[in-house]
Amino acid sequence: MVKIISDSTCDLSPELIARYQIDIMPLHIILGEDDYLDGQGITPEGIYRWSDEHRTTPKTAAIALEDALSVFRPYAEAGQEVVCFTISSSMSSTYNTLCMAAAQTNPDLIHVIDSMNLSTGVGLQVIAAAEMAQQGACAADIAEKINAGRKQVRASFVVDTLTYLHRGGRCSGVAALMGGALKLHPRIGVADGKMSAGKKYRGRMERVIRDYVADMEAELKQARPAHVFITHSGCDAQIIDDVRAMLEAMHHFDEIHITRAGGVISSHCGPGTLGVLFIAGNTEARA
């Protein structure tokens, strides 16, 4: 069976990683002089404390070439096909690094996919690939189908604070929203591999998140029903429960997954961020 691998930005839960037997390659989180692997030795809460104390966004770094080679080599030597996913190439050099690693091992066996997304926008593609692998599809067919459908992934989220995105400078339009008196909660969407600010919500996060989900209701009801993700970077439990209840009331999705964003994603979006991510059905609407 084809082996599915992803970098750590896919933000899948341990349960889903175990269910689909996915290998995870961690990116790096750099806090001053300290270098951590995503998901190892540092928590999002620890990242937030460091960031607030130093008034800066932590640096994140791509997977090292030698680390990628160490993951790929055993599968190449065993003659096993691999499909590997990365965060959008416009956000990290991880994709280029893994392409180099695949070329140095066995490019006929190892297919590297630029997800053109982040967080569980990657994770949705990883799960789709894993389900195809379980059904006996070969790596080339999986890669072809995933690449053809990447733009159907709907990834968006609402941030509680603009500070982290502003510090990191990774989202177009956020700088224009910054202002001492402005208490805005923009919807950040991913399109063509890049983040940009969209609709701006005002008010308490409880209401903002309900309005955000309600705005997507029509598209959610046309989404592929297998999986939908509620992914957050540390939100009040009641807000998460409310979102789940709204999705359950649609009577549309087979599985509603609640996942916590990992260290890399949390480093750039900050605490209190929540998104609902899914794959569109027969619709041309964009996230």
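Below, each value reflects all heavy atoms present in this structure, side chains not excepted, and no hydrogens, waters or symmetry copies.
Looking at R49 and E53, no side-chain N of the basic residue comes within less than 4.0 Å of a carboxylate O on the acidic one, giving no salt bridge. A salt bridge does not link R19 to E131: none of the charged nitrogens lies less than 4.0 Å from a carboxylate oxygen.
For the pair T86 and S92, the minimum side-chain heavy-atom distance is 4.5 Å or more. I47 has its side chain within reach of I42: a pair of non-hydrogen atoms, C-beta onward, lies under 4.5 Å apart. The closest side-chain heavy-atom distance from I256 to E248 is below 4.5 Å. Side-chain contact between C10 and F85 is absent, with no heavy-atom pair separated by less than 4.5 Å. Within the 4.5 Å cutoff, no side-chain heavy atoms of K59 are placed close to those of H28. With a 4.5 Å cut-off on side-chain heavy atoms, V153 and M116 do not count as touching.
More than 12 non-hydrogen atoms from other residues, nucleotides or ligands lie less than 6.0 angstrom from CD of Q134. With a 6.0 Å radius and a threshold of 12 heavy atoms from other residues, nucleotides or ligands, E144 has its CD atom at or below the threshold.
Y212 and S156 are linked by a side-chain donor-acceptor pair at a separation below 3.5 angstrom, with hydrogens and angles left out of the test. Judged purely by distance below 3.5 Å, without hydrogens or angles, the side chains of D11 and T120 never pair a donor atom with an acceptor atom. Looking at S13 and T259, their side chains never bring a donor and an acceptor atom within 3.5 Å of each other.
Nearest heavy atoms, L220 versus F253: O-CZ, 3.5 Å. In terms of heavy atoms, M91 sits closest to G193 at CE-O, 3.3 Å.
Grouping the Ile, Leu, Val, Met, Phe, Trp and Tyr side chains by contacts below 4.5 angstrom, directly or via other members, places F229 with I24. L69 and I63 are not part of a single hydrophobic cluster, where members link through side-chain heavy atoms under 4.5 Å apart. Y201 and V159 are assigned to two separate hydrophobic clusters, defined by single-linkage of ILVMFWY side chains at heavy-atom distances under 4.5 Å.
For the side-chain contact (heavy atoms from CB on, under 4.5 Å) criterion with S8, the lone passing option out of V122, L37, L27 is L27.
Judged by distance alone, with hydrogens and angles left aside, the side-chain atoms of S266 form no donor-acceptor pair with the main-chain N or O of S233 at under 3.5 Å. With hydrogens and angles disregarded, a donor-acceptor distance shorter than 3.5 Å links the side chain of Q125 to the backbone of G121.
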